[in-house]
Enquirer: 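Here you go, one structure.
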Protein chains: 2
Amino acid sequence: MSDIKERPYHHGDLRRALIETALAMLATDQNWAFTLREVARRTGVSHAAPYKHFRDKEVLLRELARIGFERLGQAMAEATASARGAMRGKFVAGAQACIEFALHNRGLYRLMFSSDADKAADPNLHDAAMNTFGILLCLLEEGQRSGSFRPVAINALAAASWAQVHGLAMLVINGQLLEEKVGPEPIRAALDVLLDGVCCGD
Amino acid sequence: MSDIKERPYHHGDLRRALIETALAMLATDQNWAFTLREVARRTGVSHAAPYKHFRDKEVLLRELARIGFERLGQAMAEATASARGAMRGKFVAGAQACIEFALHNRGLYRLMFSSDADKAADPNLHDAAMNTFGILLCLLEEGQRSGSFRPVAINALAAASWAQVHGLAMLVINGQLLEEKVGPEPIRAALDVLLDGVCCGD
DNA sequence: CAAGATAAGTTTCTCCTGTAAACATGGAGG
DNA sequence: CCTCCATGTTTACAGGAGAAACTTATCTTG
């Protein structure tokens, strides 16, 4: 009663609150191995309450992954947009934005690419992932149009770039890209190797 | 000697048997979300028996991952060794061997690169992973010595290659590299893009 | 060879999770 | 005002991880 917020029976926006709690836990624990009950607990509701908003745990996980792709896409879009100058620089900016995102959101990033975030099971998630992928595609198209990137099949460039960026991100957040193994600035160096294959001339 | 056993109290080689069962389950289920109890059940022992051989579930997971890296390394070594001709071809052979391995051992591959197979927690696992990585390094060194690969920092090449191959493998086993998205033969095409950046001249 | 000691199984137990079902509550519409 | 219904809560249950205590076969050693 003396409580500032005497939580009413009906939370008001529990769905949102649960998502926020889960995202916060992902940010902390970095291995996304959270339990639904813990999310409920930290949100201050009973352990069954979440089921009124998410049919099961995987639905929540997929929603989190979807949000992750949205944010990643936004980060990459901003990075490439604000990077002025050569296409090569834009590409690097986008790639680094992705890797930085992965580093600062390890748990979420891992979830996004884990088999638990099954794209086939949720059209919205699938679309979100595709949109993010689309940013890369646009960038590559732009680079080809401007004559900066080689005029090979766009899909080859896309597959190579996506794999490279995602691969780097995974290696980074797994701590498998340490100085002792691949030297300082491994990300930039690796991207340069790829870009030598992507860009025209040398 | 004879395989038809009356299930003696002492299994004889339960440790090995458990590993084999687990590997078989990984091969089937492809998402390595198996339970220790199920492994015990299928091996025909009580659910507590495994704890006599593995302190906890993660120890078993790490052992499986270690075996996975051993096999992957072997596959890649064989592929690169038996590929005769230009370095570029050797590289492609090794990369394809890795991706093929991932495809045919989805669960195991995912486990190998998941956070549950914590390299820092098991020196043997760490070494196995390093050895596999070493195959790639050797290949790159050989390519540089023979003048086929660009004389940039070996670590840049290594990071780029490792990320590329691993990234492709992850995308492939996640079904995110389908024809509709990246065209036919995406793997070969993507590798060619990278190799244009790795190899000398064009 | 008798007799522990010990390694390797088994049973039993506790705590936790995901999820279903039944019950409670409070705000919206007749 | 009363009743419906979305959104909570409590209770219940199947299953998993792992600890502890018990059992049995094998190994060691006097």
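Values below: every heavy atom of this structure, side chains too, minus hydrogens, waters and symmetry copies.
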Enquirer: For residues 115-122 of chain B, which side-chain N or O atoms pair as donor and acceptor with protein atoms under 3.5 Å away, sequence neighbours left out?
Expert:
from: B/Asp118; atom 1: OD1; to: B/Ala120; atom 2: N; distance (Å): 3.0
from: B/Lys119; atom 1: NZ; to: B/Met112; atom 2: O; distance (Å): 3.1
from: B/Lys119; atom 1: NZ; to: B/Ala117; atom 2: O; distance (Å): 3.3
from: B/Asp122; atom 1: OD1; to: B/Asn124; atom 2: N; distance (Å): 2.9
from: B/Asp122; atom 1: OD1; to: B/Leu125; atom 2: N; distance (Å): 3.4

Enquirer: B/Lys52 NZ to D/dT26 P: how many Å, rounded?
Expert: 16 Å
Enquirer: Let me confirm one number: the CZ-CD distance from B/Phe101 to B/Gln74, rounded to the nearest 0.5 Å.
Expert: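 Separation between the atoms: 10.0 Å.
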Enquirer: Please determine if a side-chain N or O atom of B/His53 lies less than 4.0 Å away from the OP1 or OP2 oxygen of C/dG9.
Expert: yes
Enquirer: Test: salt bridge (charged side-chain N to carboxylate O under 4.0 Å, His left out). Region: residues 156-173 of chain A. Which pairs qualify, not counting sequence neighbours?
Expert: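 Sorted pair list comes back empty.
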Enquirer: CZ of A/Arg41: more than 12 outside heavy atoms within 6.0 angstrom?
Expert: yes
Enquirer: For A/Phe54 and D/dG8, what is the distance between atoms CZ and P respectively, to the nearest whole Å?
Expert: 11 Å
Enquirer: According to the salt bridge (charged side-chain N to carboxylate O under 4.0 Å, His left out) rule, which pairs have a member within residues 60-88 of chain A, sequence neighbours left out?
Expert: A/Arg15-A/Glu63, A/Glu58-A/Arg62, A/Glu63-A/Arg66, A/Arg66-A/Glu70, A/Arg88-A/Asp192, A/Arg88-A/Asp196
Enquirer: Please report the distance, rounded to the nearest Å, between NE2 in A/His47 and P in C/dC16.
Expert: 13 Å
Enquirer: Looking at every non-hydrogen atom in both residues, tell me the closest pair between A/Met76 and A/Cys98 and how far apart they are.
Expert: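 A/Met76 and A/Cys98 have their closest heavy atoms at SD-CB, 3.8 Å.
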Enquirer: How many Å lie between OH on A/Tyr51 and C1' on D/dT10, as a whole number?
Expert: 15 Å
Enquirer: What is the separation between atom CG on B/Asp116 and atom C1' on D/dG16, rounded to the nearest whole Å?
Expert: 15 Å
Enquirer: For the residue pair B/Leu137 and B/Ala158, what are the closest heavy atoms and their distance?
Expert: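 The pair with the smallest heavy-atom distance is CD2-CB, 3.8 Å.
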Enquirer: What are the residues of residues 56-65 of chain A, sorted by number, that bring a heavy atom to within less than 4.0 Å of DNA chain C?
Expert: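 Result for residues 56-65 of chain A: A/Asp56, A/Lys57, sorted by number.
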Enquirer: Taking DNA chain C as the partner, which of residues 34-41 of chain A come within under 4.0 angstrom of it by heavy atom?
Expert: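 The stretch gives A/Thr35, A/Leu36, A/Arg37, A/Arg41 as the residues lying under 4.0 Å from the strand, ordered by number.
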Enquirer: Going by the rule side chain to side chain contact (heavy atoms under 4.5 Å, CB included), which residues pair with A/Thr80 if we only count those two or more places apart in sequence or in a different chain?
Expert: A/Leu139
